[in-house]
Amino acid sequence: MKLATWNVNSLTVRLPQVLEWLDLHQPDVLALQETKVVDERFPVAALEALGYGSVFAGQKTYNGVALLSRRPLDNPKVGVPGLDDPQRRVVAATVGDVRVVCVYVPNGQQVGSEKFTYKLEWLAATRAWLEAELAEHTRVAVMGDLNIAPEDRDVHSPKRWEGQVLVSAPERDAFRGLLGTGLHDAFRLHPQPERVFSWWNYGALAFPRNWGLRIDHILVSAPLAAVCQSCEIDVGPRGHTRPSDHAPVIATFADP
DNA sequence: ATGGTCGGAGACCGA
(Lines give C-alpha, C1' and ligand atoms only; values in the text may rest on other atoms or scores of the structure.)
Protein backbone atom coordinates (compact mmCIF):
# COMPACT_ATOMS: atom_id res chain seq x y z
CA MET A 1 0.00 0.00 0.00
CA LYS A 2 1.24 3.42 -0.95
CA LEU A 3 -0.01 6.62 0.75
CA ALA A 4 0.95 10.11 -0.36
CA THR A 5 0.30 13.76 0.45
CA TRP A 6 0.87 16.94 -1.53
CA ASN A 7 0.07 20.59 -0.93
CA VAL A 8 -0.62 21.60 -4.53
CA ASN A 9 -1.33 25.33 -4.01
CA SER A 10 -4.34 25.40 -6.36
CA LEU A 11 -5.54 22.12 -7.83
CA THR A 12 -6.90 24.03 -10.82
CA VAL A 13 -3.42 25.23 -11.77
CA ARG A 14 -1.63 22.02 -10.76
CA LEU A 15 -4.10 19.46 -12.18
CA PRO A 16 -1.87 18.42 -15.13
CA GLN A 17 1.02 17.85 -12.71
CA VAL A 18 -1.21 15.91 -10.32
CA LEU A 19 -2.50 13.67 -13.10
CA GLU A 20 1.03 13.05 -14.37
CA TRP A 21 2.23 12.30 -10.84
CA LEU A 22 -0.64 9.88 -10.13
CA ASP A 23 0.07 8.06 -13.36
CA LEU A 24 3.78 7.80 -12.52
CA HIS A 25 3.55 6.79 -8.85
CA GLN A 26 0.18 5.03 -8.68
CA PRO A 27 -0.47 5.70 -4.98
CA ASP A 28 -3.43 3.98 -3.35
CA VAL A 29 -4.34 7.27 -1.70
CA LEU A 30 -3.23 10.84 -2.38
CA ALA A 31 -4.15 13.57 0.10
CA LEU A 32 -4.25 17.10 -1.32
CA GLN A 33 -4.12 20.43 0.49
CA GLU A 34 -4.70 23.99 -0.67
CA THR A 35 -6.91 22.87 -3.52
CA LYS A 36 -8.40 26.39 -3.57
CA VAL A 37 -11.38 25.14 -5.55
CA VAL A 38 -15.05 25.13 -4.64
CA ASP A 39 -16.73 21.71 -4.68
CA GLU A 40 -18.75 22.56 -7.79
CA ARG A 41 -15.52 22.92 -9.76
CA PHE A 42 -13.58 19.97 -8.31
CA PRO A 43 -12.10 18.01 -11.25
CA VAL A 44 -13.98 14.77 -10.53
CA ALA A 45 -14.07 13.55 -14.14
CA ALA A 46 -10.37 14.09 -14.91
CA LEU A 47 -9.43 12.09 -11.81
CA GLU A 48 -11.97 9.36 -12.50
CA ALA A 49 -10.45 8.96 -15.96
CA LEU A 50 -7.30 7.82 -14.14
CA GLY A 51 -9.31 5.53 -11.90
CA TYR A 52 -9.31 7.78 -8.85
CA GLY A 53 -12.40 8.55 -6.83
CA SER A 54 -12.37 11.56 -4.57
CA VAL A 55 -13.81 13.15 -1.48
CA PHE A 56 -13.23 16.85 -1.08
CA ALA A 57 -14.06 19.93 0.96
CA GLY A 58 -13.32 23.18 -0.76
CA GLN A 59 -14.05 26.86 -0.45
CA LYS A 60 -13.50 30.01 -2.45
CA THR A 61 -9.89 31.26 -2.78
CA TYR A 62 -8.39 29.66 0.31
CA ASN A 63 -7.65 26.27 1.89
CA GLY A 64 -9.45 23.20 0.53
CA VAL A 65 -8.56 19.52 1.04
CA ALA A 66 -9.22 16.26 -0.79
CA LEU A 67 -8.56 12.54 -0.70
CA LEU A 68 -8.07 10.61 -3.94
CA SER A 69 -8.22 6.81 -4.00
CA ARG A 70 -8.62 3.94 -6.40
CA ARG A 71 -10.47 1.97 -3.77
CA PRO A 72 -13.74 3.17 -2.21
CA LEU A 73 -13.49 6.09 0.21
CA ASP A 74 -15.86 4.94 2.95
CA ASN A 75 -17.41 7.00 5.77
CA PRO A 76 -16.09 10.35 4.55
CA LYS A 77 -16.07 13.13 7.13
CA VAL A 78 -15.34 16.82 6.65
CA GLY A 79 -13.90 18.94 9.44
CA VAL A 80 -13.11 18.30 13.08
CA PRO A 81 -16.23 17.45 15.12
CA GLY A 82 -16.97 20.15 17.64
CA LEU A 83 -14.62 22.66 16.01
CA ASP A 84 -16.79 25.31 14.43
CA ASP A 85 -14.45 26.31 11.60
CA PRO A 86 -15.58 27.64 8.21
CA GLN A 87 -12.08 26.99 6.84
CA ARG A 88 -11.90 23.72 4.91
CA ARG A 89 -8.87 22.01 6.38
CA VAL A 90 -9.80 18.40 7.18
CA VAL A 91 -11.26 15.48 5.28
CA ALA A 92 -11.14 11.85 6.41
CA ALA A 93 -12.22 8.54 4.91
CA THR A 94 -11.65 4.81 5.31
CA VAL A 95 -9.84 2.95 2.53
CA GLY A 96 -9.82 -0.80 3.12
CA ASP A 97 -9.00 -1.04 6.82
CA VAL A 98 -7.04 2.21 7.01
CA ARG A 99 -8.56 5.41 8.34
CA VAL A 100 -6.93 8.18 6.31
CA VAL A 101 -7.04 11.76 7.56
CA CYS A 102 -5.99 14.67 5.34
CA VAL A 103 -5.10 17.85 7.24
CA TYR A 104 -4.11 21.35 6.26
CA VAL A 105 -2.87 22.93 9.47
CA PRO A 106 -3.18 26.73 9.69
CA ASN A 107 0.01 28.60 8.84
CA GLY A 108 0.01 30.84 11.90
CA GLN A 109 1.40 33.89 10.08
CA GLN A 110 3.52 35.19 12.97
CA VAL A 111 4.23 33.99 16.48
CA GLY A 112 1.89 35.77 18.87
CA SER A 113 -0.59 36.86 16.22
CA GLU A 114 -4.30 36.07 16.19
CA LYS A 115 -3.68 33.51 13.46
CA PHE A 116 -1.00 31.92 15.62
CA THR A 117 -3.52 31.49 18.43
CA TYR A 118 -5.96 30.00 15.94
CA LYS A 119 -3.25 27.57 14.81
CA LEU A 120 -2.54 26.36 18.35
CA GLU A 121 -6.24 26.06 19.22
CA TRP A 122 -6.88 24.25 15.95
CA LEU A 123 -4.05 21.82 16.69
CA ALA A 124 -5.38 21.17 20.22
CA ALA A 125 -8.89 20.43 18.93
CA THR A 126 -7.53 18.24 16.14
CA ARG A 127 -5.36 16.31 18.58
CA ALA A 128 -8.36 15.57 20.78
CA TRP A 129 -10.35 14.37 17.78
CA LEU A 130 -7.46 12.19 16.54
CA GLU A 131 -7.33 10.50 19.92
CA ALA A 132 -10.93 9.44 19.35
CA GLU A 133 -10.14 8.30 15.80
CA LEU A 134 -7.21 6.24 17.12
CA ALA A 135 -9.46 4.67 19.75
CA GLU A 136 -11.89 3.68 17.01
CA HIS A 137 -9.48 2.55 14.28
CA THR A 138 -6.37 0.36 14.49
CA ARG A 139 -4.71 1.51 11.29
CA VAL A 140 -4.70 5.31 11.04
CA ALA A 141 -2.70 7.60 8.76
CA VAL A 142 -2.75 11.37 9.29
CA MET A 143 -1.15 13.16 6.42
CA GLY A 144 -0.87 16.63 5.08
CA ASP A 145 0.70 20.04 5.39
CA LEU A 146 1.28 20.24 9.14
CA ASN A 147 2.99 23.64 8.82
CA ILE A 148 5.48 22.63 11.51
CA ALA A 149 9.13 21.64 11.10
CA PRO A 150 9.38 19.32 14.11
CA GLU A 151 13.14 19.48 14.72
CA ASP A 152 16.14 21.59 13.79
CA ARG A 153 17.25 18.93 11.32
CA ASP A 154 14.03 19.65 9.42
CA VAL A 155 15.17 23.24 8.84
CA HIS A 156 17.81 24.38 6.34
CA SER A 157 19.05 27.09 8.68
CA PRO A 158 17.91 26.60 12.28
CA LYS A 159 19.69 29.79 13.31
CA ARG A 160 17.87 31.90 10.76
CA TRP A 161 14.51 30.32 11.58
CA GLU A 162 14.90 30.20 15.37
CA GLY A 163 11.67 31.16 17.12
CA GLN A 164 9.87 31.89 13.86
CA VAL A 165 6.47 30.57 12.90
CA LEU A 166 6.65 26.91 11.66
CA VAL A 167 9.55 26.13 14.02
CA SER A 168 8.61 27.86 17.31
CA ALA A 169 8.51 25.95 20.60
CA PRO A 170 4.70 26.02 21.04
CA GLU A 171 4.24 24.61 17.54
CA ARG A 172 6.84 21.91 18.11
CA ASP A 173 5.14 21.08 21.41
CA ALA A 174 1.87 20.67 19.51
CA PHE A 175 3.58 18.39 16.99
CA ARG A 176 4.94 16.28 19.82
CA GLY A 177 1.41 16.28 21.22
CA LEU A 178 0.20 14.65 18.02
CA LEU A 179 2.92 12.01 18.37
CA GLY A 180 1.80 11.59 21.99
CA THR A 181 -1.52 10.23 20.80
CA GLY A 182 0.36 7.19 19.49
CA LEU A 183 1.17 8.45 15.99
CA HIS A 184 4.63 8.05 14.48
CA ASP A 185 6.40 10.26 11.95
CA ALA A 186 6.79 7.81 9.06
CA PHE A 187 9.77 9.74 7.69
CA ARG A 188 11.75 9.19 10.90
CA LEU A 189 11.02 5.46 11.02
CA HIS A 190 13.80 5.03 8.47
CA PRO A 191 17.38 6.22 7.93
CA GLN A 192 17.28 9.42 5.88
CA PRO A 193 19.80 11.64 4.15
CA GLU A 194 20.46 15.01 5.77
CA ARG A 195 18.75 18.17 4.58
CA VAL A 196 15.60 16.61 3.14
CA PHE A 197 12.75 19.13 2.94
CA SER A 198 9.21 19.32 1.58
CA TRP A 199 8.75 23.07 1.10
CA TRP A 200 10.88 25.80 -0.44
CA ASN A 201 9.98 29.46 -0.80
CA TYR A 202 9.01 30.58 -4.27
CA GLY A 203 11.88 32.54 -5.66
CA ALA A 204 14.73 31.66 -7.91
CA LEU A 205 17.28 30.79 -5.24
CA ALA A 206 15.45 28.80 -2.57
CA PHE A 207 14.97 25.44 -4.28
CA PRO A 208 18.32 25.26 -6.13
CA ARG A 209 20.10 26.04 -2.85
CA ASN A 210 17.81 23.69 -0.90
CA TRP A 211 16.71 26.39 1.49
CA GLY A 212 13.72 24.42 2.68
CA LEU A 213 11.72 23.08 5.59
CA ARG A 214 10.16 19.67 6.24
CA ILE A 215 6.59 20.66 7.12
CA ASP A 216 4.59 18.04 5.19
CA HIS A 217 4.19 14.80 7.07
CA ILE A 218 2.70 11.32 7.16
CA LEU A 219 1.90 10.23 10.71
CA VAL A 220 0.84 6.64 11.30
CA SER A 221 -0.53 4.55 14.16
CA ALA A 222 1.73 1.86 15.64
CA PRO A 223 0.24 -1.05 13.64
CA LEU A 224 0.93 0.87 10.42
CA ALA A 225 4.37 1.99 11.59
CA ALA A 226 5.24 -1.66 12.15
CA VAL A 227 4.72 -2.42 8.45
CA CYS A 228 6.05 0.85 7.04
CA GLN A 229 8.67 0.05 4.40
CA SER A 230 9.70 3.53 3.28
CA CYS A 231 8.90 7.22 3.48
CA GLU A 232 10.34 9.61 0.95
CA ILE A 233 9.89 13.13 -0.33
CA ASP A 234 9.71 13.37 -4.12
CA VAL A 235 11.41 16.66 -4.95
CA GLY A 236 10.85 16.11 -8.68
CA PRO A 237 7.66 18.16 -9.06
CA ARG A 238 9.24 21.12 -7.22
CA GLY A 239 11.62 21.47 -10.18
CA HIS A 240 8.84 21.62 -12.78
CA THR A 241 7.85 24.85 -14.45
CA ARG A 242 5.09 26.58 -12.51
CA PRO A 243 5.45 24.26 -9.52
CA SER A 244 3.71 24.08 -6.18
CA ASP A 245 6.00 25.37 -3.44
CA HIS A 246 5.57 21.95 -1.73
CA ALA A 247 6.81 18.50 -2.78
CA PRO A 248 4.83 15.27 -2.32
CA VAL A 249 5.59 12.84 0.52
CA ILE A 250 5.11 9.11 -0.11
CA ALA A 251 5.04 6.21 2.35
CA THR A 252 4.78 2.51 1.49
CA PHE A 253 3.48 -0.28 3.70
CA ALA A 254 3.71 -4.06 3.51
CA ASP A 255 0.40 -5.69 2.71
CA PRO A 256 -0.87 -8.07 5.38
C1' DA B 1 11.41 40.07 -4.31
C1' DT B 2 8.13 35.12 -5.48
C1' DG B 3 2.54 32.52 -6.52
C1' DG B 4 -2.79 32.14 -6.59
C1' DT B 5 -7.29 34.26 -6.17
C1' DC B 6 -10.61 37.55 -7.17
C1' DG B 7 -11.60 40.76 -10.27
C1' DG B 8 -10.22 43.76 -13.18
C1' DA B 9 -5.89 47.06 -9.10
C1' DG B 10 -3.94 45.43 -5.48
C1' DA B 11 -5.17 43.32 -0.98
C1' DC B 12 -4.87 39.05 1.19
C1' DC B 13 -2.80 34.75 2.28
C1' DG B 14 0.98 31.93 2.07
C1' DA B 15 5.34 29.88 5.04
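Just so it is clear, the values below take in all heavy atoms, side chains as well, and ignore hydrogens, waters and symmetry mates. Naming convention: chains lettered A, B, ... in sequence-line order (proteins, then strands); numbering from 1 in each chain.
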Visitor: Taking only residues two or more places apart in sequence or in another chain, which ones pass side-chain hydrogen bond (donor to acceptor under 3.5 Å, both in side chains) with A:Arg176?
Guide: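 A:Arg176 satisfies side-chain hydrogen bond (donor to acceptor under 3.5 Å, both in side chains) with A:Asp173 only.
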Visitor: Go through the structure and list residues passing side-chain hydrogen bond (donor to acceptor under 3.5 Å, both in side chains) with A:Trp211, not counting sequence neighbours.
Guide: none
Visitor: Sorted by first residue and then second, give each salt bridge (charged side-chain N to carboxylate O under 4.0 Å, His left out) pair with at least one member in residues 116-135 of chain A; sequence neighbours left out.
Guide: A:Arg99-A:Glu133, A:Lys119-A:Glu171, A:Arg127-A:Glu131
Visitor: Say we look at B:dC12 and B:dA1: how far apart would their P atoms be, to the nearest angstrom?
Guide: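 That atom pair is separated by 23 Å.
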Visitor: List for me each residue that meets ring pair (Phe, Tyr, Trp, His ring centres under 6.0 Å) alongside A:Phe42, sequence neighbours excluded, and say none if there are none.
Guide: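 So A:Phe42 forms a ring pair (Phe, Tyr, Trp, His ring centres under 6.0 Å) with A:Phe56.
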Visitor: Does A:Asn9 or A:Gln110 map to a spot on DNA chain B nearer the 5' end, using the closest nucleotide for each?
Guide: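 Going by which nucleotide is closer to the 5' end, it is A:Asn9.
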Visitor: Taking only the P atom of each, what is the distance from B:dG7 to B:dA11 in whole angstrom?
Guide: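 Looking at atom P only, B:dG7 and B:dA11 are 16 Å apart.
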Visitor: Under the rule for ring pair (Phe, Tyr, Trp, His ring centres under 6.0 Å), what residues qualify as partners of A:Phe175, not counting sequence neighbours?
Guide: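 Checked A:Phe175 against ring pair (Phe, Tyr, Trp, His ring centres under 6.0 Å); matches are A:His217.
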Visitor: Could you give the CZ-to-P distance, from A:Arg238 to B:dT2, as a whole number of Å?
Guide: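 Rounding to the nearest Å, CZ of A:Arg238 and P of B:dT2 are 13 Å apart.
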Visitor: Are A:Val29 and A:Val98 in one and the same hydrophobic cluster, where Ile, Leu, Val, Met, Phe, Trp and Tyr link if side-chain heavy atoms are under 4.5 Å apart?
Guide: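 They do share one cluster, since a chain of ILVMFWY contacts under 4.5 Å joins A:Val29 to A:Val98.
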Visitor: Can you list, by residue number, the residues of residues 145-168 of chain A that have a non-hydrogen atom closer than 4.0 angstrom to DNA chain B?
Guide: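 Residues of residues 145-168 of chain A under 4.0 Å from DNA chain B: A:Asp145, A:Asn147, A:Leu166.
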Visitor: Measure CG/A:Asn201 against P/B:dT2 and give the value in whole Å, please.
Guide: 11 Å
Visitor: Please state the C1' separation for the pair B:dT5 and B:dA9 - nearest whole angstrom.
Guide: 13 Å
Visitor: Please check the phosphate of B:dG3 (OP1 and OP2 only) for any side-chain N or O of A:Arg14 closer than 4.0 Å.
Guide: no
Visitor: Under the side-chain hydrogen bond (donor to acceptor under 3.5 Å, both in side chains) test, which residues partner A:Tyr62, sequence neighbours left out?
Guide: none
Visitor: Excluding sequence neighbours, so at least two apart, what forms side-chain hydrogen bond (donor to acceptor under 3.5 Å, both in side chains) with A:Lys36?
Guide: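 With neighbours one apart ignored, the set is A:Asn9.
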Visitor: Base, sugar-phosphate alone, or nothing: which one does A:Asn7 contact when heavy atoms must sit under 4.0 Å apart?
Guide: sugar-phosphate
Visitor: Which is more 5' along DNA chain B, the nucleotide nearest A:Pro243 or the one nearest A:Pro106? Just name the residue.
Guide: A:Pro243
Visitor: Let me have a per-nucleotide readout for nucleotides 6-11 of chain B, 5' to 3', with B, S or -, counting only protein heavy atoms under 4.0 Å.
Guide: S-----
Visitor: Any chance you could pull the hydrophobic cluster mates of A:Leu24, using side-chain heavy atoms under 4.5 angstrom and chaining through other members?
Guide: none
Visitor: So what does the secondary structure string of DNA chain B come out as, 5' to 3', with Watson-Crick or wobble pairs under 3.5 angstrom, [ ] for crossing and | for pairs with another strand?
Guide: ..((((...))))..
Visitor: Which pairs, with at least one residue in residues 188-211 of chain A and sequence neighbours excluded, count as a salt bridge (charged side-chain N to carboxylate O under 4.0 Å, His left out)?
Guide: A:Asp154-A:Arg188
Visitor: What is the distance from NE2 of A:His246 to C1' of B:dT2, rounded to the nearest Å?
Guide: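 In whole Å, B:dT2 C1' lies 14 Å from A:His246 NE2.
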Visitor: Are A:Arg89 and A:Asp145 within salt-bridge range, i.e. N to O under 4.0 Å?
Guide: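 Between A:Asp145 and A:Arg89 there is no salt bridge, as every charged N stays at least 4.0 Å from the carboxylate O atoms.
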Visitor: Could you work out the separation of B:dG8 and B:dG4 based on their C1' atoms and round it to a whole Å?
Guide: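 The answer is 15 Å between these two C1' atoms.
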Visitor: For A:Tyr104, which contact category applies under a 4.0 Å heavy-atom criterion: base, sugar-phosphate, or nothing?
Guide: sugar-phosphate
Visitor: Side chains of A:Arg242 and A:Gln17: do they bring a donor and an acceptor to under 3.5 Å?
Guide: no
Visitor: Provide, to the nearest angstrom, the distance between the CZ atom belonging to A:Arg242 and the C1' atom belonging to B:dT2.
Guide: 13 Å
Visitor: Tell me which nucleotide among B:dG14, B:dT5, B:dG3 gets nearest to the side chain of A:Tyr202.
Guide: B:dG3
